[in-house]
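So the structure is just underneath, and the comments pick up after that.
Computed over heavy atoms, backbone and side chain alike; hydrogens, waters and symmetry mates excluded. Only a predicted model underlies this, so the values are computations on that prediction, with no experimental measurement involved.
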Amino acid sequence: MNRIKLFSMAFATLFSLNALAETKADTLVVIPNPRMTCENCVKKIKQNIRFVKGTKNIIVSLPQQTVTIVYDKQKSGYDDYTAAFRKIGYQIKPSTDKK
């Protein structure tokens, strides 16, 4: 019986830590200006923006002209991404489209 309780407690702790880690992530969808025109633009954004502290994933959609960034909101924010895009020659604005 003690093994079952111990296993249950360990599982509950692991589950709650995982849920806590997920709450730190936030998603930002932005529209870069100037427009992205080719795969080199996509590559440039992915290779440079990934270095913003807390960045977990970057999805660039050339047809939709959007960049979706999943990041740790305790480590970075919109201003950090604005500065990072500015360094590579882009301005950004939040997308108003709901997915």
Going from [atom1] on [X] to [atom2] on [Y], what distance comes out if it is rounded to the nearest 0.5 angstrom?
{"X": "N57", "Y": "I69", "atom1": "CG", "atom2": "CD1", "result": "10.0 Å"}
{"X": "Q65", "Y": "I31", "atom1": "CD", "atom2": "CD1", "result": "9.0 Å"}
{"X": "S61", "Y": "M36", "atom1": "OG", "atom2": "CE", "result": "7.0 Å"}
{"X": "T37", "Y": "L62", "atom1": "OG1", "atom2": "CG", "result": "7.5 Å"}
{"X": "K56", "Y": "D26", "atom1": "NZ", "atom2": "CG", "result": "11.0 Å"}

Nearest atoms (heavy-atom pairs only) where A25 meets V70: CB-CG1, 4.3 Å
Heavy-atom closest pair, residues P34 and G89: CD-O, 3.4 Å
Among T68, T66, T27, the one residue meeting side chain to side chain contact (heavy atoms under 4.5 Å, CB included) with I59: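 Exactly one pass, corresponding to T68.
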Co-membership, hydrophobic cluster, residues V29 and Y78, 4.5 Å side-chain: no
Heavy-atom check, side chain of F85 versus side chain of V67, under 4.5 Å: yes
Atom pairs and distances, donor-acceptor, side-chain atoms in residues 42-51, under 3.5 Å, two or more places apart:
residue : atom : partner : partner atom : Å
K44     : NZ   : I88     : O            : 3.0
N48     : ND2  : K44     : O            : 2.7
R50     : NE   : Q47     : O            : 3.3

With sequence neighbours excluded, residues passing side-chain contact (heavy atoms from CB on, under 4.5 Å) with K53: K75
Test ring-ring contact (aromatic ring centres under 6.0 Å, His included) applied to Y81 - qualifying residues, sequence neighbours left out: Y71
